[in-house]
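What follows is a set of notes on a single structure, which appears directly below.
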Amino acid sequence: MSISENIKHIHSQIPENVTLIAVSKTKPTEMLLEAYEAGQRHFGENYVQELVDKEAQLPKDIHWHFIGHLQSNKVKYIAPFVYLIHGVDSFSLLKEINKQAQKNNRVIDCLLQIYIAQEETKFGLDFKEALDILNSTEFKELKNIAIKGFMAMASNTEKEVQIRAEFKSLKEFSKQFPNYSVLSFGMSGDYLLAIEEGSTMIRVGSSIFGERNYTK
Ligand SMILES: *Cc1c(COP(=O)(O)O)cnc(C)c1O
């Protein structure tokens, strides 16, 4: 199927209140344009340089989501235009985003990345660390960031029961913060299940653009 057919197909499966982010890392701008022409406006990228290059080349009404692991020293490159930063996993990163947002005279929307997987390799805060940040006075002093919700990745497993339990744990946690209503979880392999468990934002790459090739 073509990119536009893939996007149509996914939209036919998901409720209207769920935002579909087309994850376009490693894919050439022509493919992003094809998705754009099919009406897609939310794109997700993992690498700062790649995001900056694509932003410069593509239409200005695209909402760019940064979904990768963000290093503090690179925030400045995306601060002028980024729409939502998903992977915030420390207070120091939040502080740097606030600083760069201030320089650009704007408020940058962020999601705290929460560690829900039973694996050692994923980034993110545990629930206690997230609570400590959100309840701290230092956090309340940051005027140029706005927390919109939470992002997470489930374990890389076929076990549906486990993936569901991980998503459920985040949904439960988020209920303490009704104002932080965005929940970003679910990818190509599990987005339908993720929506059943409360996701409001799915990040879908290979089901739209095909498999990624990292070897070139
Ligand atoms: C690459 C990536 C995705 C998309 O993965 P697919 O399985 O191709 O849909 C989603 N979220 C994050 C954080 C990613 O790095």
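Residues: numbered from 1 along the sequence shown. Just follow the structure's listing: the first ligand is 1, and inside any ligand the first atom is 1. The figures here come from the full heavy-atom set of this structure, side chains too, leaving out hydrogens, waters and symmetry mates. Source: prediction; values computed, not measured.
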message = Closer than 3.5 angstrom, by distance alone: can the side chain of K143 be matched with the main-chain N or O of K140 as a donor-acceptor pair?
response = yes
ask   = Is S188 close to ligand 1, meaning an N/O of one under 3.5 Å from an N/O of the other?
value = yes
message = Under 4.0 Å from a heavy atom of V204: which atoms of ligand 1 are those, numbered in the order shown and with their elements?
response = 9 (O)
task = Mark up the atoms of ligand 1 that fall under 4.0 Å of a heavy atom belonging to I67, in ascending order.
result = 11 (N), 12 (C), 13 (C), 14 (C)
Aromatic centroids of F150 and F173 separated by under 6.0 Å = yes
ask   = Going by distance alone, is a donor N or O of one side chain under 3.5 Å from an acceptor N or O of the other, for S206 and R212?
value = no
query = Quick check: are there more than 12 heavy atoms from other residues, nucleotides or ligands sitting under 6.0 Å from NZ of K25?
reply = yes
inquiry  = Are there over 12 heavy-atom neighbours, none belonging to Y77, within less than 6.0 Å of that residue's OH?
reply    = no
inquiry  = Using a 4.0 Å cutoff against the non-hydrogen atoms of N46, which atoms of ligand 1 qualify?
reply    = 14 (C), 15 (O)
query = Does a side chain donor of either S155 or T157 reach within less than 3.5 Å of an acceptor in the other side chain?
reply = no
query = So, is G205 polar-close to ligand 1, with some N/O to N/O distance under 3.5 Å?
reply = yes
key: Residue and atom name of the nearest protein heavy atom (relative to atom 5 (O) of ligand 1), distance in Å to one decimal   = R212 NH2, 3.7 Å
inquiry  = For atom 14 (C) of ligand 1, which of the options Q113, R203, K25 provides the nearest non-hydrogen atom?
reply    = K25
key: Protein heavy-atom partner closest to atom 10 (C) of ligand 1 - residue, atom, separation in Å   = M187 SD, 3.2 Å
